[in-house]
Asker: 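Pasting a structure below so you can have a look.
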Protein chains: 2
Amino acid sequence: MSGSPSTVELIERKKRGGELSPEEMRGLLAGYLAGEVPDYQVAAWLMAVVWRGMTEQETLEFTRAMVQSGETLEWPGLDRPTVDKHSTGGVGDKTSVVLVPLMAAAGAAFVKMSGRGLGHTGGTLDKLESIPGFRCELPLEEMRAQVRRIGCALVGQSGELVPADKKLYALRDVTGTVDSMPLIAGSIMSKKLAGGASSIVLDVKWGSGAFMQTLDDARELARTLVAIGNGAGRRTRAVLSPMRQPLGRTVGNALEIREAIDTLHGRGPADLWRLTLELGAHLLELSGLAKSADEARSALTWLRDSGAGSRTLQTLIEAQGGDPRVVDEPDILPSAPVVRPFISDLPGWVAEADARTIGDAALALGAGRRTKADPVDPAVGIVVRARIGDRIEPGQPLADVHARSGEAADEAIARLRSAFVLSVRPAGPVPEDYETVG
Amino acid sequence: MSGSPSTVELIERKKRGGELSPEEMRGLLAGYLAGEVPDYQVAAWLMAVVWRGMTEQETLEFTRAMVQSGETLEWPGLDRPTVDKHSTGGVGDKTSVVLVPLMAAAGAAFVKMSGRGLGHTGGTLDKLESIPGFRCELPLEEMRAQVRRIGCALVGQSGELVPADKKLYALRDVTGTVDSMPLIAGSIMSKKLAGGASSIVLDVKWGSGAFMQTLDDARELARTLVAIGNGAGRRTRAVLSPMRQPLGRTVGNALEIREAIDTLHGRGPADLWRLTLELGAHLLELSGLAKSADEARSALTWLRDSGAGSRTLQTLIEAQGGDPRVVDEPDILPSAPVVRPFISDLPGWVAEADARTIGDAALALGAGRRTKADPVDPAVGIVVRARIGDRIEPGQPLADVHARSGEAADEAIARLRSAFVLSVRPAGPVPEDYETVG
């Protein structure tokens, strides 16, 4: 017997509910990346992890081992505190586009790396690319220089950071091992840790339109994320936010960019601004740029109202090759040839405006991808005009569909019929209290 | 969405504790064998099966799908009922060498396919190959002809039968997914079903020297095996037999062949004959060759005492190229140059004669294999001279070690020290009651 246990022994131990040591975890992942541990052994280990979970220590070491698989960003001599944010994804979530320039205007350095969307609607990258000329793929050196100059960047996830995540996710995707709390948390946090920010806020969404369907699951994920962040020496907090109806009014790439710009101009939907303020206030507090949450909220509101936030977005768009006029003239964004309202036949109070169904309707219009190879249509999408709790009269629109063709619009309207539920009794608005973890 | 679910959906369903349909199970295994379903997906599914188990229906379909992966033996026009037996393996188990010729003498057709041993001691094939000239690898056609002529064959598992088992076992071996009741049962029963016998008896051993450590596990495996056999239309029974100390007195290839021959001559150890009678009586009853267990026992005892059993073994050995004189002159079997007794220093009653430790000592002598590539030494092994419950005086031997060298003998004796436990109080003999399932 050699001194270090074989891969089979590590699989067997996890299968029996045991724990891998830090060295074993690093060895397993390094061996996998080097092609020495085959896919099939990692697949069996992944399923054992779905079954048995990981201890907090294992989850931290798993995340660290992921980080060690590639480059990490460091910011020697930077005169701004580094911040980062991650959202577990929801329908209509364009918070990053509002928050990143505001935080940069507030004095933070904010590199937001995002992925492309799969399912529902486009990811943040897809949304940004609806801005004519905008480039999300910046070489690391160019991105570093931009952050030193203007304090922010909105870019694609660099393949040089956490290459293990991409390889492991591809395997999880085809082996039914995606839904494991420690694997999900490790994947999220490895990218945040490699990004190098000192203060991290996690927006963990829950509800029908979110990855986490229940508040309990969202809490568990939030606790795991925060434990990893703190364990790795980053100031980390998580905010639990509801995702029962879409965030804001728009679902679709250019439509969402327009709404983000509107929000920076002070005329966006209340829920989007409220979440932006919440996440931003935590980041300002964690990074020491504000002494209290109240002070942070006032500062962010002032930065919005003074136009500092929208000007920073303009600078960012210009720096990344996009047309900066879009911030003052959002009409230059691509628009759909067909816009059709979805009219209610009945009176009632809106009891459901289901985020997932609305997201699926936007996906069917072409706003998102079914497979990685699908193109995304920047112009199409849905503008939600009825929120849960609203009173609706017959003939009033529940949503507008922005489509490539009349046929596509009709299909989307058919899908939307099951998204909205009208009640004969008043339905209260969704409670949108946030819960903070960490 | 296409009509048939993807492999990922099948993995996900099993992960959630769901069930695969017969078509899905067949498709999964056929896809794997055809190289269309990759190793890593099967590995994840296997771990999900270890986790969630399989329903009785799934286990049956899994077994059937394994059988369908290759050839099956059929016996059109054969004038004898076909029988088969499988033992889950134990230390010193040479029952097949006694039972097969007796059953053939009793009028059954008995093709016993065996594997080579790994760990502990040699398998039945290794034992048989200690007979000079004996060939275990018969082409299927030659084996069929032999069975028609003499009613029996003792051969290696044909690669043409159940090729899926070999491929799947190799994957289970490196992915920590060996210890799953339905996978174990499916592997065993697929080979029995493909062997074509109408009546099947399973010898499920339990105790320290067995694969199943507890009676409960052995019962569950027995029930699963019997359910598959009956579900596939075979008359199937299982016998639970204890494996705390070795079966018979000998552990080692030529030593065990000699003990099997002694048993056919009526001078073998009582426990080995008792188990042979038990298994044989069930097979004679199941196959209709005897009306009752009592009648079957009398017939088998008479066939032993009349010499019909030993003559049939002689015919079998000759048919398979071995030296038939071995049955009357077992001294022509290879013997070890060094034979040393392991002497007790103390008086007492034997409380343990641990099968696993004795098996490991025989393995260290060279009687078994550590890896598939290791050669097996036919001559070496251990003769156990003290059974649980025996009274021992100082200077009395507990075992004889048959070794290649004095050094190897000393090492084996050192190992044997931990196998035997002497008690100051009388220790009752191991209860050897058999339990029958099915």
Side-chain angles (χ1 to χ4, degrees), chain A residues 1-2 5-20 24 28 31-33 35-54 118-119 167-181 183-184 213 217 360 363-364 370-372, chain B residues 1-2 5-20 24 28 31-33 35-54 118-119 167-181 183-184 213 217 360 363-364 370-372:
Chain A
M1 298 288 287
S2 87
S6 70
T7 305
V8 182
E9 286 173 292
L10 300 183
I11 301 169
E12 296 265 8
R13 197 188 311 149
K14 179 46 70 187
K15 179 184 73 177
R16 293 189 304 266
E19 188 176 1
L20 270 60
E24 289 165 348
L28 182 65
Y32 177 51
L33 276 182
E36 289 152 13
V37 175
D39 279 349
Y40 50 82
Q41 288 189 315
V42 176
W45 174 76
L46 287 168
M47 186 59 82
V49 168
V50 173
W51 176 6
R52 298 295 194 174
M54 282 191 196
L118 190 60
K167 184 166 176 181
L168 203 63
Y169 190 83
L171 185 60
R172 286 167 60 202
D173 196 36
V174 294
T175 54
T177 53
V178 169
D179 58 341
S180 151
M181 209 61 86
L183 295 178
I184 292 166
Q213 297 278 300
D217 281 351
D360 285 340
L363 172 62
R370 282 181 211 278
T371 73
K372 283 178 194 170
Chain B
M1 300 288 288
S2 88
S6 69
T7 304
V8 183
E9 287 173 291
L10 301 183
I11 300 170
E12 295 265 9
R13 196 187 313 149
K14 180 45 71 186
K15 180 184 73 178
R16 293 189 305 266
E19 187 175 2
L20 270 61
E24 289 165 348
L28 182 65
Y32 177 50
L33 276 183
E36 290 152 12
V37 176
D39 277 348
Y40 50 81
Q41 288 189 315
V42 177
W45 174 76
L46 287 168
M47 186 59 82
V49 168
V50 173
W51 175 6
R52 299 294 195 175
M54 283 190 195
L118 191 60
K167 184 167 177 181
L168 203 64
Y169 190 84
L171 185 61
R172 286 167 62 201
D173 196 37
V174 294
T175 55
T177 53
V178 168
D179 57 341
S180 152
M181 209 61 86
L183 295 177
I184 293 166
Q213 298 279 300
D217 280 352
D360 286 340
L363 171 63
R370 283 180 211 279
T371 73
K372 284 178 193 168

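Not measured: the values here are computed from a predicted model. In what follows, chains are A, B, ... by sequence order, proteins preceding strands, each numbered from 1. In what follows, every heavy atom counts, from backbone to side chain, and hydrogens, waters and symmetry copies are set aside.
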Asker: Please say which of B:T175, B:I11, B:V49 ends up in a side chain to side chain contact (heavy atoms under 4.5 Å, CB included) with A:M47.
Answerer: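 Result: among B:T175, B:I11, B:V49, B:I11 is the only option passing the side chain to side chain contact (heavy atoms under 4.5 Å, CB included) with A:M47.
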Asker: Select, from A:V42, A:T7, A:V50, the one with the greatest count of heavy-atom pairs under 4.5 Å involving chain B.
Answerer: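 The residue among A:V42, A:T7, A:V50 with the greatest pair count is A:V50.
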Asker: In terms of heavy-atom pairs under 4.5 Å with chain B, which of A:L46, A:V174, A:V8 leads?
Answerer: A:V174
Asker: Could you tell me which of A:A43, A:A44, A:A48 has the largest number of non-hydrogen atom pairs under 4.5 Å with chain B?
Answerer: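 Maximum pair count with chain B is reached by A:A44.
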Asker: Which of the residues A:L10, A:D179, A:V178, A:T177 is involved in the greatest number of heavy-atom pairs with chain B at under 4.5 angstrom?
Answerer: A:D179
Asker: Can you tell me which of A:K15, A:K14, A:R52 forms the most heavy-atom pairs within a distance under 4.5 Å of chain B?
Answerer: A:K15
Asker: A:L171 versus chain B, heavy atoms under 4.5 Å apart: side chain, backbone, both or neither?
Answerer: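 The side chain, not the backbone.
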